[in-house]
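Below, each value reflects all heavy atoms present in this structure, side chains not excepted, and no hydrogens, waters or symmetry copies. One-based numbering along the sequence shown.
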Amino acid sequence: MGYRRYLRDGGTVPRSTLSMRRKRAQQKAARNILLQRNVSALSEPAVTGTEGTSFQQPSNDHNMEISVNEDCARSVNVEPLCNLNETEKQVSKSLQGDVSSSESEVQSVSAKNDFEESEALLCENVQCGAQPDSHENPSNIKKNLTSRLCECLDTTAGDIVYMCLAMGLRHNLTWVAIEDMLKMFSTIYDNPEIPQSKKSLFKILNSSDQDLTYHVFCSVCEIALGVRQGGKCSVKCYLCSECSDDWKEDQLKCKNCDIILGKVDNGKVFMNCQECKRSTNAQSPSNFFVSLSLEKQFQAALKDNAIADLVLSHRFSRKKSNPDALEDIYDGEEYQKHFKNGGILSFPQNFSYSFNTDGISTGKSTCKTMWPIYVNINELHYKLRAQNKFLSGLYVGKKDPNQLVFLQPFVNEANKLSTEGFKWQHHGNEVISKAIPLCAVLDSVARAPVLSMQTFHAFYGCTYCYQEQERTAPRKRRFEILAEPAALRTPESTYQDALIAYEKRDLPKPEDRVHRGVKGPSVNMGLLYFNLIWGFAIDYMHAVLLGIVKTHMKLIFEASRRKYWLDVTERTAIDDIYKSIDERLLSIKPPTGITRVPRSISMWKCWKASEWRSWLLFYCIPCLCGLIKDKYIVHISLLSRAVSLLLQSSVTLGEVDEAHNLLMEYCRLFHKYFDVQDTIYNLHLLTHLKQSVLCHGPLWTANAFCYEGQNRHILQLFTSPKNVLYQIVRRFNLYSSMPTLCDQFVSSYNALEFSENLLERRLSRVVQLTNGILIGKAHQVNATNEMDQLLFSKCNIHFKDCKAYKRMLFKGMRITSSEYSKGKENNDSYVMCASGSILCVKYILLLPNASTMLFGNKIIKSKRLIVDHWKVQVEHVRAVKREGDFMLVSPDEVTCQCIFLHISGDSQYVTYLPSGCNGD
């Protein structure tokens, strides 16, 4: 037995033992110094430890606290011995020489006990989540960032930091890449003030998680156990429903019930589940989700005076083209219910918002799913609503979350915002605003669990009515569209259904625990000001485009060719039909307002929702005419015309009724032309589309296009498959504070211009005017006498006195000349005027008085409709007869862009672009 033989024989202590003791003494002394300086712990143990390693050396999900302690230990080991006080130096010196066995043993045991005591205290502080204060004041660090890098430059260290963050945001760079850029600039300018690590970068950014709340739940029972916020862990008692956060002796007991709610083991916090008697690791990302403060995000957004002014005045100052029409969400029944008769939304300082949640796959090779909760303010312009979205909650796990637990924090904060409100500053005045949830945009898959209802496959599968599905085959059901309309669900009836289902919760069979499709109480039943049934708008992106239109074309393309197509024999291959359609489809040049150019019809299974929208509204009728039988052209035209009516910028009640009748006829013919088992739930939703439009306005006001676009940005916020949740919330918080960081760090104009060009991609050569922005170089026009006479008669100016441009931005539209559009994938030269005339723009003229005019040819439309049937008259797609006389119009007269479809041969068509289709 050679272990510690020197203790018995009185020999010399080995060098390795002395080295280990010296190291422990240094660690103990350094930790005591930290504790004496009242530095409790790191402010974000889990996030800093995990996310920091996720970009460089990913660590185990269950060892987050340990990774933090290792980082802390590394920082302590480099502290020189000269920084210790005299007592600590003596302890260290006594360990450097030979010591007797008894003294060595006593000192070793004493040092070990002191070390373990300080280690336990540090672990306790780490779990509480405090962060050691820096030796240097953060304000002094920021002051150093404002100093110029060189006497010959205006650029400061703060400019470098902000530009590197802007590069990371624009190009989705990892933290390692951002650190390398900072090190590069620090090396070039030999400036130590530029942070060279993520830790020092976060220190000057004051990045903290005080506005984040981590909600811990049991992974087996899926019930809420407690929360972690600001580093403090509080656990909810299952008996008295009170939360406790007073940890004593590594245990937490309920103040009222005196039962153990949690414990600390090796620096890890475990919360006890009283249902399954399991202990849940509160630091494991698979056992919690995150909620972000909506109040803080609203306050940050309202610091922008432009956004604040719109929230306070836009709904009151907007100009309607028809006072009785539906032109935005403000005209819907749900908004008017809270606006009329002195409702909460009749006060300018109060506003409403819409929210969305849905599952997203985090990658092709991973089984994890992500559920974000998005929020956007309804009182902004439609385009600004899509650009200003807030993240209220985020869940990442291997299975879908329990909506009763996941949505509860959102409901709690929503009720607080709608009853107590929040304070913010506007032009130096304090404003107290209340925000209410008005509309939820969810697809059918997500809407059912959020409402605690059965999915659309069940007998009572509709979340809007009580119609039962009919059994068509074993394990197959369908809705009878032609049957008498069933009774509609109401919040009151749904609440009664939930009570009955709750009373039957102990029945042995799962199907017996459900009452009329309701499984039990929903968390949204406690959401104030929110309509439990019609607060959920029908998302036409999923229900109509990805649901009905895709299914309709699938049935046509995959069925018997003789049934639907003209002049088709058994020898005619489907590839020949695809080729004929592609000759027409691929020749179309849509405007840039349509984000995707046409793809081959053979790739229809891969089409996105925006492509199905373009196919339904603009392409399908011209591309299928002459290839498919007329009755099937009429059938798809019913749906195309109805959706185009409901996507207009102004929809009258008569047009809503017309669209509803067209949809009912479409459903009737769907039953007639296709098999019974092909009837889908989305077809049944068409019967409720009218009521959804009446409640929330045209289809473009409440759809999932803007949220699906935000999903792509969220997925770009993580670069490692480990600790995805931490990475996303950290980057989201950081990049959301970019405007505030700009005010703090950016000093030079060049840095500000670089960052704006990088993030907003501004054009380098523009002419800013009162009624638009001209792009590119100006040129002169060799005008004919007829052209010059028209311009002189309208503006009293000759062409030689004007400058012509090829591109222009106006009211969010991109207008180009017909010459510029040649050879390009997009064509922005066709616009519609307020008079209903369509203009093909030849020149964009800049007059001497700094005003602009559009010069071109008028498009003469054929009086004969492309589909003129007693069931439907297609007026939104018109055949083109020829180009007419010259026209001269002001950009102010332009209402929307148009799509010119030059089909093979002499067939030409033109259609307008509804406001809801201009961009996604």
Side-chain angles (χ1 to χ4, degrees), residues 41-51 60-66 68 123-124 126-129 209-247 250-254 259-293 368-373 392-413 523 723-726 728-730:
L42 301 173
S43 63
E44 43 183 18
V47 178
T48 303
T50 352
E51 188 182 359
N60 194 327
D61 295 350
H62 302 282
N63 295 328
M64 291 176 289
E65 297 293 5
I66 295 178
V68 175
C123 291
E124 181 181 355
V126 168
Q127 83 173 9
C128 296
D209 290 345
Q210 297 301 319
D211 299 332
L212 302 179
T213 303
Y214 300 87
H215 301 267
V216 184
F217 61 90
C218 178
S219 58
V220 178
C221 306
E222 296 184 343
I223 61 174
L225 300 181
V227 299
R228 292 193 298 120
Q229 186 175 21
K232 293 185 178 180
C233 299
S234 61
V235 185
K236 184 177 182 181
C237 179
Y238 76 103
L239 293 178
C240 61
S241 298
E242 291 190 5
C243 290
S244 302
D245 58 0
D246 187 12
W247 294 79
D250 295 341
Q251 285 187 349
L252 178 63
K253 293 184 178 181
C254 179
I259 62 175
I260 298 178
L261 302 177
K263 63 179 181 179
V264 178
D265 187 8
N266 294 329
K268 298 180 181 179
V269 180
F270 292 88
M271 297 183 181
N272 298 334
C273 177
Q274 304 301 326
E275 295 291 333
C276 62
K277 309 302 179 183
R278 292 168 58 97
S279 294
T280 299
N281 186 357
Q283 276 84 22
S284 176
S286 60
N287 296 331
F288 63 81
F289 62 91
V290 178
S291 65
L292 295 84
S293 174
K368 291 184 178 180
T369 179
M370 178 171 61
W371 283 72
I373 302 178
S392 176
L394 183 66
Y395 165 88
V396 178
K398 294 183 178 181
K399 59 182 180 180
D400 295 340
N402 183 355
Q403 299 296 338
L404 291 174
V405 177
F406 177 54
L407 291 177
Q408 188 62 59
F410 168 75
V411 172
N412 293 340
E413 186 175 15
V523 67
N723 307 319
V724 174
L725 186 62
Y726 286 124
I728 293 177
V729 295
R730 168 61 65 82

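Contact detail for Cys273 and Ile223: the closest heavy-atom pair is SG-CD1, 3.8 Å. In this structure, Asp265 and Phe270 approach most closely via the heavy-atom pair CB-CE1, 3.8 Å. The two residues Lys263 and Ser279 have their closest heavy-atom pair at CE-OG, 4.3 Å. What you find for Val405 and Phe217 is that their closest heavy atoms are CG1-CB, 4.5 Å. Closest approach of Val235 to Leu252, counting heavy atoms only: CG2-CD2, 3.5 Å.
Under the salt bridge (charged side-chain N to carboxylate O under 4.0 Å, His left out) criterion, the residue pairs touching residues 216-227 are Glu222-Lys399, with sequence neighbours excluded.
Using cut-offs of 30° and 60° for the angle between ring planes, the Tyr214 and Tyr726 rings count as tilted.
Residues satisfying the side-chain hydrogen bond (donor to acceptor under 3.5 Å, both in side chains) test with Gln403, not counting sequence neighbours, are none.
Atom-to-atom distance recorded for Leu225:CG and His215:NE2 is 12.5 Å, nearest 0.5 angstrom. The CH2 atom of Trp371 lies 5.0 Å from the CG atom of Asp400; values are rounded to the nearest 0.5 Å. A distance of 10.5 Å separates CG in Asn412 from CG in Leu407, rounded to the nearest 0.5 Å.
With a 4.5 Å cut-off on side-chain heavy atoms, Ser291 and Glu413 do not count as touching. Residues Asn281 and Val269 form no side-chain contact, since every pair of their non-hydrogen atoms from C-beta on lies 4.5 Å or further apart. No side-chain heavy atom of Thr280 sits less than 4.5 Å from a side-chain heavy atom of Phe288. Within the 4.5 Å cutoff, no side-chain heavy atoms of Pro285 are placed close to those of Val396. When side chains are defined from C-beta on, Met271 does not count as touching Asn287, because their heavy atoms never get closer than 4.5 Å.
Listed for the Arg278 side chain is no donor-acceptor partner under 3.5 Å among the backbone atoms of Val220.
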Check: Given Val290 and Thr213, is the side chain to side chain contact (heavy atoms under 4.5 Å, CB included) satisfied, shown in steps?
Finding: CA-CA 6 Å; Val290 178; Thr213 303; over 6 Å; no

Side chain to side chain contact (heavy atoms under 4.5 Å, CB included) between Ser286 and Lys398, intermediate numbers included: CA-CA 8 Å; Ser286 60; Lys398 294 183 178 181; over 6 Å; no

May I have the step-by-step check of side chain to side chain contact (heavy atoms under 4.5 Å, CB included) for Phe406 and Val523, ending in yes or no? CA-CA 9 Å; Phe406 177 54; Val523 67; over 6 Å; no

